[in-house]
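Both backbone and side-chain heavy atoms feed into the values below; hydrogens, waters and symmetry mates do not. Here the structure is a predicted model, which means the values were calculated and not measured.
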Amino acid sequence: MKRLIIACMGLLVLAGCATTDHTRAPALEKNVKWALLPMENHTETPQAGLRMEAITETLLRVRGVTSLKKYPSTLTQDSLFEPADAKAVEEAVNWAQQTGARYAVTGSVNEWRYKTGVDGEPAVGVTLRIIDLQNRQVIWDAAGARTGWGREAVSAVAQKLLEKLTGDIKFK
């Protein structure tokens, strides 16, 4: 009986696990122009990049980024069959520079699914990066992965993970 209790406690600790890493960023100005660029979809889940963009856009606004403009939809073909790719991101960087934005946010989705098995836990893995458009240098980079509980939505797990990642961005 003791072993069963210990095993169950171990499973509870592992459920809902997350791991994140990020570089140290300079304090970023939140009152300048920001651009949200396409998120590359490296998964088999259609439109995972678009889903990540929507959550990231909202979280940046919640954090106080007041002048955030999303790339024009004509720059990407993220659909059921053609996910956003590196070429679309490069074109969006050019667009962002032309609009006078100071910072651009982009990233990638590496996992966005429900695991197979009895519980079907949601699993999300993403990267985010901020580009200083004055010199096209990446000034902040983050990666994270998180799993959730069996009845939790993938989008809820993604939102928690992206909240953690964007919460590490420092503003002045």
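Contact between Leu165 and Ala142 at its shortest, heavy atoms only, is CD2-CB, 3.9 Å. Nearest heavy-atom pair, Trp112 versus Ala158, reported as atom, atom and distance to 0.1 Å: CH2-CB, 3.4 Å. When all heavy atoms of Trp34 and Phe171 are compared, the closest pair comes out as CZ2-CE2, 3.6 Å. Across all their heavy atoms, Glu111 and Thr43 have their closest contact at N-CG2, 3.5 Å. The two atoms that bring Leu37 and Ala104 nearest to each other are CD1-CB, 3.6 Å, heavy atoms only. Nearest approach of Lys115 to Thr147, heavy atoms of both residues: NZ-CG2, 3.6 Å.
Counted within 6.0 Å of NZ on Lys87, heavy atoms from surrounding residues, nucleotides or ligands total 12 or fewer; the atom is thus considered open.
Formation of a donor-acceptor pair under 3.5 Å by the Tyr71 side chain with backbone atoms of Ala35 is not found in this model. Side chain of Lys33 to main chain of Thr99: a donor-acceptor pair is present (N/O by atom type, distance under 3.5 Å, no hydrogens or angles). In this structure, Arg113 contributes its side chain and Thr45 its backbone to no donor-acceptor pair below 3.5 Å. Looking at Thr19, its side chain never comes within 3.5 Å of a backbone N or O of Ala145 through a donor-acceptor pair. Judged by distance alone, with hydrogens and angles left aside, the side-chain atoms of Thr127 form no donor-acceptor pair with the main-chain N or O of Gly107 at under 3.5 Å.
Under 4.0 Å is where a charged nitrogen must lie from a carboxylate oxygen, and between Lys160 and Glu152 at least one such pair does.
Atom CD of Glu53 and atom CG of Leu50 lie 5.0 Å apart (nearest 0.5 Å). In this structure, CG in Leu162 is found 13.0 Å from CD in Glu57, a value given to the nearest 0.5 Å.
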Next on the checklist: For a side chain to side chain contact (heavy atoms under 4.5 Å, CB included) check, start with the C-alpha distance between Asn41 and Gln47, then their side-chain angles and the critical distance, and finish with the verdict.
Outcome noted: CA-CA 7 Å; Asn41 183 4; Gln47 299 182 334; 5.9 Å; no

Checklist entry - Is there a side chain to side chain contact (heavy atoms under 4.5 Å, CB included) between Leu128 and Met52 once you walk through the steps? => result CA-CA 10 Å; Leu128 276 178; Met52 181 178 163; 3.6 Å; yes

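Results of the side chain to side chain contact (heavy atoms under 4.5 Å, CB included) test with His42 over Glu40, Glu44, Met39 single out Glu40 as the only residue that passes.
Side chains of Arg102 and Asp132 form a contact here, defined as non-hydrogen atoms less than 4.5 Å apart. With a 4.5 Å cut-off on side-chain heavy atoms, Glu121 and Val157 do not count as touching. Inter-residue side-chain proximity for Leu28 and Val65 is flagged as unmet; no heavy-atom pair is nearer than 4.5 Å.
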